[in-house]
Amino acid sequence: MTIQPIRLFGDPVLRTPADPVVDFDKELRILVRDLTQTLLDEGGAGLAAPQIGVGLRVFAFDVDETVGYLINPELSFPDETEQDGPEGCLSIPGIYIDTKRRLNVVATGLTEHGEPVRLVGTGMMARCCQHETDHLDGVMFLDRLDQVSRKEAMRQIREAPWYNSAAPPTVKVSPHGSGLLR
């Protein structure tokens, strides 16, 4: 297991949709362990493979003392109930902005051995699954903000010590409309 450097907002890999995992081999198991170890080291709730420069549909999570991962995740929502609260991202360190998400989620995916798995989550777990699946689609949580909140987030980013004014990142409008997945 190796702790990997996290790619920051502005890195093109964060805007590139990840490829589905098709090989359930030793390299995938190493990726899952590296993602998990990096996430635990950083103290975040979730970390997607593109955030460490790997364009595969894998993410790890650490929410409410539950540590795990999903490969090739698919999300569905059992109801229309929403939550609104602070959301941050390890690729946008130190920035937290209220973001609307669904309150409940059913996430299906695969284990590192290709076996089906199902995760039912609410609250923070639902937020994490939506946030990390967005990463796998090349979408960042800033894309889901309304115009006023997005402008405030960009102001905070420009003031952040990690911001690179020579290569400023861009924010795009969510392809999912109304701020929610699907």
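These numbers come from a predicted model, not from an experiment.
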Leu119 side, atom CG; Thr108 side, atom OG1 - distance, nearest 0.5 Å
10.0 Å
Stacked cation flag Arg158 on Tyr163, 6.0 angstrom / 45 deg:
no
Is a side-chain N or O of Thr66 found less than 3.5 angstrom from the main chain of Asp62, in a donor-acceptor match?
no
Indicate yes or no for a side-chain donor-acceptor contact from Trp162 to the backbone of Leu8 under 3.5 Å, with no hydrogens or angles considered.
no
Roughly how far, to the nearest 0.5 Å, is CE of Met140 from CG of Leu145?
11.0 Å
Should the pair Glu112-Arg33 be classified as a salt bridge under the 4.0 Å nitrogen-to-oxygen rule?
yes
Count the heavy atoms of every other residue, nucleotide or ligand shown that sit under 6.0 Å from CD of Glu152, and state whether that count exceeds 12.
yes
Please determine whether a side-chain nitrogen of the Lys or Arg among Arg127 and Asp84 lies less than 4.0 Å from a carboxylate oxygen of the Asp or Glu.
no
Does atom CD (Gln147) have a neighbourhood of more than 12 heavy atoms from anything else shown, all under 6.0 Å?
no
Enter the distance from Asp19:CG to Leu136:CG here, rounded to the nearest 0.5 Å.
11.0 Å
Look at Arg15 together with Asp143 and state whether they make a salt bridge at an N to O cut-off of under 4.0 Å.
yes
Ser91 and Gln51 side chains, donor-acceptor separation under 3.5 Å
yes
In this structure, SG of Cys128 is separated from CG of Leu39 (nearest 0.5 Å) by 7.5 Å
More than 12 heavy atoms from other groups under 6.0 Å of CZ on Arg118:
no
Grab the two heavy atoms, one from Val32 and one from Ile71, that are nearest each other, plus how far apart they are.
CG2-CD1, 4.2 Å
Can you list the residues that meet the ring-ring contact (aromatic ring centres under 6.0 Å, His included) rule with Tyr69, with sequence neighbours excluded?
none
Please answer whether the main-chain N or O of Ala126 pairs with a side-chain N or O of Gln130 as donor and acceptor at a distance below 3.5 Å.
yes
Using a strict threshold of under 4.0 Å (side-chain N to carboxylate O), is an ion pair present between Arg102 and Glu82?
no
Kindly work out whether a path of hydrophobic side-chain contacts (I/L/V/M/F/W/Y, heavy atoms less than 4.5 Å apart) joins Val54 to Leu28.
yes
Judged by modelled atom types alone, do Thr81 and Asp79 share a side-chain donor-acceptor pair under 3.5 Å?
yes
Quick one: does any side-chain atom of Thr38 pair with a main-chain N or O of Gln4 as donor and acceptor, under 3.5 Å?
yes
side-chain hydrogen bond (donor to acceptor under 3.5 Å, both in side chains) against Ser149, all qualifying residues, sequence neighbours excluded:
Asp146
At what distance, to the nearest 0.5 angstrom, does CD1 of Ile52 lie from CG of Leu31?
5.5 Å
CG of Asp134 to CD of Glu132, rounded to nearest 0.5 Å, is 9.0 Å
